[in-house]
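Worksheet for the structure shown next.
Reminder, nothing fancy here: chain letters follow the sequence lines and each chain counts from 1. Atom set for the values below is all heavy atoms of this structure, side chains included, hydrogens, waters and symmetry mates excluded.
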Amino acid sequence: MAIRLYNSLTRRLDELRPLTPGKVTMYHCGPTVYSSPHIGNFRSFLFADVLRRFVEDQGFAVTQVMNVTDVGHLTLDDIEGGEDKMEAASRKTGKTAWEIARQFEDEFHNCQRQLLVRMPHHMPRATDFIAQMGSIIDDLLQKGIAYQVNGNVYFAIAAFPGYGKLSGKVIDELEEGARVAVNEEKRDARDFALWKVDHKHQMQWDAPFRGGARGFPGWHIECSAMSMHYLGRQIDIHTGGEDNMFPHHECEIAQTEAHTGQQFVQIWMHARHLLVNGTKMSKSLGNFYTVQQVLDLGWSGLELRYALIRVQYRQSLNFTMDGLGEARASIARVQGARARLARIAAGKEPAGADDLAAAAARAEAAFTAAMQEDLNVSEALAAVFALVGDSNRAQPTAAAASAALRSFARFEDVLGCFGAEPKAEAAGDVPAALQELLSQRQAAKKAKDFAAADRLRDQIAAAGWKIVDTAQGPRLERA
RNA sequence: GGUCCCGUAGCCGAGUGGUUAGGCAACGGAUUGCAAAUCCGUUUACGGCGGUUCGAUUCCGCCCGGGACCUCCA
């Protein structure tokens, strides 16, 4: 069986066949660092993370690059001479654009850690690749595919017949009413900027190409430059949010393929935007959450991660606070089963004679099949929970418990949304004082002094432990 | 206006031309002094109207509702 992924370019499920056998190259459009990362951003980044983890699980050596866009995003106003988002944030806060970029880049990395993202191998900043962008621009100018007007360099759409092949946009003339400002400099309204000149701009560089003026790069060129630098002229997978498909990725394809003469990306993947409380997230509707805001509400990174990956990336996940509660309960169910298996495997709880190996193998096969079919996490989770049920029902041998534990470890390795394997807590691991309280409670129960028993339970709970009564007697677990 | 996606039981969400998704919640039962955990069971659904079919939630058409993109956006 092979991994099949929905390719936006071909509009069907394509089998992942790496350019170099056994190795997969991935590029992910990363954050634009002018504000705090929100949960919508991380739905996309977590999708990329799960993709990477699963591809690795399937035996491929993955090289992952995610850029940090720290320059160049133009606001609508910019078309009429306004400023870009970095600069706008700078004006509002009094910090320089550079300070803004570093601040939110740090915040982004922190969010990645909190959400247990496996760090990409490279996370380059656009501002560190001005020279590389310049050499592409230079080449496009030499080839006559790009042209310069008043220092601004534009990519000529007319010179690249494939323009529109990703997004399916075959625009002869731009629609009246669409948000397109007329730019007299462009030969074609669809031409996009590779290099911009604006003396008011804080971030400026001497032209990194021949015959240019001091300015700053357009938005799209950075990804071409960094992707090529780290991964070569052709890569296996490129991901981003659905909004990136047009114009960003369309432009990346145009400039990169015009430059190299080769197909840029094999499989383009786009994550659907999430909804919050059933509608698009927006500050004015009051349903806008940064990652930090959710964490500040008392939810763990693990819980948020679960809530954001539980639905397949191409479905519009509806994010709600109830959903976080479900995530918390679901994680607890999985961890409860793993903890019991761990106790049995460690000989801290009596083993039985049941063999869970078949159930574990079944669950793994279902999990793999679900993930292979375009990362169907919802279905994969069903396989995980099937093993939870089988485990809880069984009285496994120690070896069988270990086997099931290994399957859970694999599920965790791919999804990362359950947490580390619970420790096998047993009598010896519990503080003696608490063990004494537990004994007293047992005595109180025997004497039918339930008020005292409940008091003792409250004391134990106050110490951060909870009592679990079982057929083998009571046990203490960390709450 | 153009292009496209979706509408599944209380909620979140898989999937399928005729057979139990799963999670959460609720209720009943087992266990239990109570609670928690666990197990068993119950609530059996596919927006509406037509059409194709022996049979459609699953294919087609229309309608209603929600959403996305059309150079800020993950």
Rounded distance in Å - [atom1] ([X]) to [atom2] ([N]):
{"X": "A:Arg43", "N": "B:rG67", "atom1": "CZ", "atom2": "C1'", "value": "13 Å"}
{"X": "A:Ile467", "N": "B:rU32", "atom1": "CD1", "atom2": "C1'", "value": "14 Å"}
{"X": "A:Phe45", "N": "B:rC73", "atom1": "CZ", "atom2": "C1'", "value": "11 Å"}
{"X": "A:Tyr6", "N": "B:rA68", "atom1": "OH", "atom2": "C1'", "value": "13 Å"}
{"X": "A:Leu166", "N": "B:rU3", "atom1": "CG", "atom2": "C1'", "value": "13 Å"}
{"X": "A:Gln312", "N": "B:rC5", "atom1": "CD", "atom2": "C1'", "value": "13 Å"}
{"X": "A:Leu415", "N": "B:rG23", "atom1": "CG", "atom2": "P", "value": "15 Å"}
{"X": "A:Leu476", "N": "B:rA37", "atom1": "CG", "atom2": "C1'", "value": "14 Å"}

By nearest atom, which of the nucleotides [options] is closest to the [X] side chain?
{"X": "A:Leu274", "options": "B:rA68, B:rA74, B:rU71", "value": "B:rA74"}
{"X": "A:Ser378", "options": "B:rA21, B:rU71, B:rG33", "value": "B:rA21"}
{"X": "A:Asn318", "options": "B:rC12, B:rC39, B:rG15", "value": "B:rC12"}
{"X": "A:Ala329", "options": "B:rA36, B:rC24, B:rU71", "value": "B:rC24"}
{"X": "A:Lys466", "options": "B:rA36, B:rC24, B:rA14", "value": "B:rA36"}
{"X": "A:Phe246", "options": "B:rA74, B:rC70, B:rG33", "value": "B:rC70"}

Distance only, no hydrogens: is a donor on one side chain within 3.5 Å (strictly under) of an acceptor on the other, for [X] and [Y]?
{"X": "A:His220", "Y": "A:Gln255", "answer": "no"}
{"X": "A:Asp374", "Y": "A:Tyr313", "answer": "yes"}
{"X": "A:Asp70", "Y": "A:Thr127", "answer": "yes"}

If I pick the [atom1] atom on [M] and the same atom on [N], what distance separates them, to the nearest angstrom?
{"N": "B:rA74", "M": "B:rU20", "atom1": "C1'", "result": "37 Å"}
{"N": "B:rC54", "M": "B:rG1", "atom1": "P", "result": "39 Å"}
{"N": "B:rA26", "M": "B:rC11", "atom1": "C1'", "result": "11 Å"}
{"N": "B:rG22", "M": "B:rG41", "atom1": "P", "result": "11 Å"}
{"N": "B:rG18", "M": "B:rG13", "atom1": "C1'", "result": "24 Å"}
{"N": "B:rG65", "M": "B:rG48", "atom1": "P", "result": "15 Å"}
{"N": "B:rC62", "M": "B:rG10", "atom1": "P", "result": "30 Å"}
{"N": "B:rA14", "M": "B:rC72", "atom1": "C1'", "result": "35 Å"}

Is any NZ, NE, NH1 or NH2 atom of the basic residue among A:Asp458 and A:Arg455 found under 4.0 Å from an Asp or Glu carboxylate oxygen of the other? no

If the cut-off is 4.0 Å, is [X] near the phosphate of [N], judged by side-chain N/O to OP1 or OP2?
{"X": "A:Asn392", "N": "B:rC39", "value": "yes"}
{"X": "A:Lys280", "N": "B:rA74", "value": "no"}
{"X": "A:Arg11", "N": "B:rC5", "value": "no"}
{"X": "A:Thr32", "N": "B:rA74", "value": "yes"}
{"X": "A:Arg393", "N": "B:rC40", "value": "yes"}
{"X": "A:Arg310", "N": "B:rC12", "value": "no"}

Nearest-nucleotide wise, let me know which of A:Arg441 and A:Gly323 is further upstream toward the 5' end of RNA chain B. A:Gly323

RNA chain B: 5'-proximal contact among A:Gly325 and A:Gln315 (nearest heavy atom): A:Gln315

Do any N or O atoms from the side chain of A:Gln293 and from the backbone of A:Thr290 form a donor-acceptor pair under 3.5 angstrom? yes

Please confirm whether the backbone N or O of A:Gln395 pairs with a side-chain atom of A:Asp354, one donor and one acceptor, at under 3.5 Å? yes

Only Watson-Crick and G-U wobble pairs, only distances under 3.5 Å, only runs of 3 or more: what stems does that leave for RNA chain B? B:1-7 with B:64-70, B:10-12 with B:22-24, B:26-30 with B:38-42, B:47-51 with B:59-63

For a quick check of understanding: with a heavy-atom distance under 4.0 Å over all strands, which category does [X] fall into, base, sugar-phosphate or nothing?
{"X": "A:Gly40", "value": "base"}
{"X": "A:Asp454", "value": "base"}
{"X": "A:Arg272", "value": "base"}
{"X": "A:Glu250", "value": "nothing"}
{"X": "A:Thr279", "value": "sugar-phosphate"}
{"X": "A:Phe385", "value": "sugar-phosphate"}
{"X": "A:His248", "value": "nothing"}
{"X": "A:Ala271", "value": "nothing"}
{"X": "A:Lys445", "value": "base"}
{"X": "A:Ser330", "value": "sugar-phosphate"}
{"X": "A:Arg328", "value": "nothing"}
{"X": "A:Asp322", "value": "nothing"}

Side chain to side chain contact (heavy atoms under 4.5 Å, CB included) with A:Tyr306: which of A:Leu46, A:Leu381, A:Val334, A:Leu415? A:Leu381

Any stacking of A:His273 on B:rA74, going by centres under 5.5 angstrom and planes within less than 30 degrees? yes

At less than 3.5 Å, do the side-chain atoms of A:Arg457 and the base atoms of B:rA35 form a donor-acceptor pair? yes

Identify, with sequence neighbours excluded, every residue that meets side chain to side chain donor-acceptor pair (under 3.5 Å) alongside A:Gln459. none

What distance separates A:Lys280 NZ from A:His273 NE2, expressed to the nearest 0.5 Å? 7.5 Å

Using the rule given for side chain to side chain contact (heavy atoms under 4.5 Å, CB included), can you reason through A:Leu51 versus A:Thr239, listing the C-alpha separation, both sets of side-chain angles and the distance that settles it, and then say yes or no? CA-CA 10 Å; A:Leu51 172 66; A:Thr239 76; 3.9 Å; yes

A:Met26 and A:Ile235: side chain to side chain contact (heavy atoms under 4.5 Å, CB included), yes or no, with the steps? CA-CA 7 Å; A:Met26 295 183 195; A:Ile235 68 173; over 6 Å; no

Assess whether side chain to side chain contact (heavy atoms under 4.5 Å, CB included) is satisfied between A:Cys251 and A:Tyr163, documenting all intermediate values. CA-CA 8 Å; A:Cys251 295; A:Tyr163 192 80; 3.7 Å; yes

